[in-house]
S.K.: 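Sharing a structure below in structure tokens format, with a few things to ask.
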2 protein chains.
Amino acid sequence: MSRRSGILEFAVLGLLRESPMHGYELRKRLNTSLGVFRAFSYGTLYPCLKALVANGWLVEETSGAPEDVPATTLTGRRAKIVYRLTPAGKEHFEELLSHSGPDAWEDEHFGVRFAFFGQTSRDVRMRVLEGRRSRLEERLEKMRTSLTRTRERLDDYTLELQRHGMESVEREVRWLNELIESERAGRDQRAPEAAAQDEHNQSGDTGGPPRHRGGSRLDPSE
Amino acid sequence: MSRRSGILEFAVLGLLRESPMHGYELRKRLNTSLGVFRAFSYGTLYPCLKALVANGWLVEETSGAPEDVPATTLTGRRAKIVYRLTPAGKEHFEELLSHSGPDAWEDEHFGVRFAFFGQTSRDVRMRVLEGRRSRLEERLEKMRTSLTRTRERLDDYTLELQRHGMESVEREVRWLNELIESERAGRDQRAPEAAAQDEHNQSGDTGGPPRHRGGSRLDPSE
DNA sequence: TTCGTCATGTAATGGGTTACATGATTAC
DNA sequence: GTAATCATGTAACCCATTACATGACGAA
């Protein structure tokens with residue numbers, strides 16, 4: 001049971017690890033901080049929270065009324081329900097963080113995984129980045145061959161769409177290349193200690209993300 | 001009834017307009033020509049085809065056995081089922097093509113709409129392109145403000161993710177700008193006849209897509 | 001006092017996948 | 001003769017949305 005979505009569960013646990021929140025706020029964070037990718041509705045979020053509570057990964061805390069009001073009482077005054085990560089929940093999240101299987105670099109998952117790279121160990125980060133890159137590269141390969149095979153049968157618009165799509169993927173590959181490179185550089189210069197560890201090292205924090213992307217192009221001009 | 005998906009229905013009708021096909025082939029075209037965006041499974045495609053037949057927009061033709069074998073007979077020899085667009089289906093597709101409402105430029109729909117721009121009238125093309133552009137621009141606006149509001153609370157990775165996401169959107173906007181520009185140029189130089197027409201002009205074909213993107217960057221090097 | 005936003009939920013529905021079941025045709 | 005791919009379908013499930021219902025709180 002509780003084969004709940006994965007991605008939402010992951011994101012919720014990750015956000016709650018930073019600080020307790022109630023559902024409404026959680027949803028906003030989901031759609032801004034991590035957002036761009038996915039906008040979850042309450043109809044998804046609240047049932048998910050319930051399930052996480054049922055699993056013992058979260059606890060509900062009713063702010064305001066300290067003890068005796070059950071919070072879920074119908075018709076009684078409704079209180080905000082603040083969700084807090086339990087130790088078991090934290091453990092579970094770290095367990096999830098340590099996985100780097102194929103599903104970690106598929107389209108839907110990759111973004112969220114990346115968003116929590118700050119909490120992820122360096123070697124898992126590397127595996128996920130490289131996994132995604134090779135995923136994209138094989139996709140590129142497929143696009144290229146299918147493009148040359150069907151070349152003449154497609155009109156200009158379809159062709160242009162194809163071209164733009166390929167360029168987008170190529171662009172993401174370049175992005176990944178830069179990230180991987182700076183991850184590699186970061187490891188070399190700062191951490192030979194955590195090198196050959198394979199068991200999930202819970203307590204030890206990652207040590208802070210490397211300052212990747214030397215020549216940042218964030219400048220808000222344009 | 002038949003509030004089937006929209007996007008699949010649209011793509012199927014569009015592909016079958018070019019030439020009759022059976023389901024299997026249809027699906028491959030869906031995932032290559034138009035693909036990149038969406039991969040439909042048979043569990044989606046075949047029921048959809050049945051529904052389109054029920055609507056009178058397609059007819060099934062059994063290749064091989066000309067007349068008396070019902071094709072859907074169980075245990076009988078199974079024949080390929082070729083689907084062909086009916087006149088009603090063609091009419092319906094053109095009706096769909098002429099719509100340029102907000103759902104035409106949302107993420108899921110835009111790609112498919114664009115793929116059939118070859119069959120779309122120039123003014124609808126313009127509306128869709130401009131609609132998408134302003135959609136993306138308002139999204140950019142939201143991202144920018146949410147970025148400056150929460151700036152310091154985000155770690156490097158989240159920030160980088162955000163930055164890359166914004167850059168992707170900006171890139172698509174630039175792409176749209178080019179397309180819109182060349183559409184505009186194309187209209188000026190070739191067709192003052194179809195200018196101020198607002199009713200959907202069914203019969204009249206578009207007259208062929210303009211050779212947009214003068215300096216093509218398709219070169220397969222790199 | 002009303003409007004907007006905060007806040008929590010549920011039931012119906014939608015749109016799609018996975019896994020399964022079946023069989024024909026082609027290439028080796 | 002057997003493996004791969006072509007080819008068609010169904011049932012069970014999954015994830016999420018929509019629309020709805022409820023209500024608190026602050027500002028105009």
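Below, read A as the first sequence line, B as the second, and so on, with proteins coming before strands; counting in each chain starts at 1. Atom set for the values below is all heavy atoms of this structure, side chains included, hydrogens, waters and symmetry mates excluded.
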S.K.: Return the value, rounded to whole Å, for the distance between atom CD1 of A/Ile81 and atom P of D/dA24.
M.R.: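 A/Ile81 atom CD1 is separated from D/dA24 atom P by 15 Å.
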S.K.: Just compare D/dC6, D/dG9, C/dT8 and give me whichever is closest to any side-chain atom of B/Tyr83.
M.R.: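 Per side-chain heavy atoms of B/Tyr83, the pick is D/dG9.
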S.K.: For A/Arg29 and C/dC6, what is the distance between atoms CZ and P respectively, to the nearest whole Å?
M.R.: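 These atoms are roughly 15 Å apart.
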S.K.: Quick one: is A/Tyr24 getting a side-chain N or O under 4.0 Å of the C/dC6 phosphate, OP1 or OP2?
M.R.: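 Indeed, a polar side-chain atom of A/Tyr24 lies that close.
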S.K.: In whole Å, what is the span from the CG atom of A/Asn31 to the C1' atom of C/dC6?
M.R.: 15 Å
S.K.: Grab the CG-C1' distance between B/Leu8 and C/dG16 for me, whole Å please.
M.R.: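 Value for this atom pair: 10 Å.
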S.K.: Side chain of B/Ser41 only, heavy atoms from C-beta on: which candidate in C/dT18, C/dC6, D/dT17 is closest?
M.R.: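 Nearest to the side-chain atoms of B/Ser41, counting from C-beta on, is C/dT18.
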S.K.: Kindly say if B/Tyr46 contacts the phosphate of D/dG9, meaning a side-chain N or O under 4.0 Å from OP1 or OP2.
M.R.: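 No, outside the criterion.
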S.K.: Rounded to whole Å, please give me the gap between CE in B/Met21 and P in D/dT8.
M.R.: 12 Å
S.K.: Give the nucleotide from the list C/dT8, C/dG16, D/dT8 with an atom nearest to the side chain of A/Tyr42.
M.R.: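 Minimum distance to the A/Tyr42 side chain belongs to C/dT8.
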S.K.: Which comes earlier along DNA chain D counting from the 5' end, the contact point of B/Gly43 or that of B/Lys28, where each point is its nearest nucleotide?
M.R.: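 Here B/Lys28 is the residue nearer the 5' end.
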S.K.: If you compare all heavy atoms of A/Thr145 against all heavy atoms of A/Thr148, which two are closest, and at what distance to 0.1 Å?
M.R.: O-OG1, 2.9 Å
S.K.: Taking only the side-chain nitrogens and oxygens of A/Thr44, find out if one of them lies under 4.0 Å from OP1 or OP2 of D/dT17.
M.R.: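 Yes, such a contact exists.
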S.K.: B/Lys80 has an atom NZ; how far is it from atom P of C/dT26, in whole Å?
M.R.: 8 Å
S.K.: Run the numbers on A/Arg132 and A/Glu172 for salt bridge (Lys or Arg N to Asp or Glu O under 4.0 Å), then give the verdict.
M.R.: CA-CA 10 Å; A/Arg132 173 124 189 105; A/Glu172 189 176 339; 2.7 Å; yes
S.K.: Look up atom NE2 in B/His92 and atom CG in B/Leu85, then write down how far apart they are to the nearest 0.5 Å.
M.R.: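 One gets 10.0 Å once the value is rounded to the nearest 0.5 Å.
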S.K.: What about the rings of A/Trp57 and A/Phe10, do their centers lie closer together than 6.0 Å?
M.R.: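 They do not qualify: ring centres at least 6.0 Å apart.
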S.K.: Just checking A/Gly23: base, sugar-phosphate only, or nothing, at a heavy-atom cut-off of under 4.0 Å?
M.R.: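 Sugar-phosphate: the residue A/Gly23, judged by heavy atoms under 4.0 Å, touches backbone atoms but no base.
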S.K.: Give a yes/no on whether any side-chain N or O of B/Lys50 is located under 4.0 angstrom from OP1 or OP2 of D/dG9.
M.R.: yes
S.K.: Atom CG of A/Leu49 and atom P of C/dT10: how far apart are they, to the nearest Å?
M.R.: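 It is 12 Å, rounded to the nearest whole Å.
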S.K.: Tell me the interatomic distance from A/Leu26, atom CG, to C/dT8, atom C1', rounded to whole angstroms.
M.R.: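 Checked: the CG to C1' distance equals 13 Å.
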S.K.: Which nucleotide wins on minimum distance to the side chain of B/Phe40, given the candidates C/dG16, D/dG9, C/dA7?
M.R.: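 Nearest to the side-chain atoms of B/Phe40, counting from C-beta on, is C/dG16.
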S.K.: Will you find, in the side chains of B/His22 and B/Glu60, an N or O donor that is under 3.5 Å from an N or O acceptor?
M.R.: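 Result is no, nothing qualifies.
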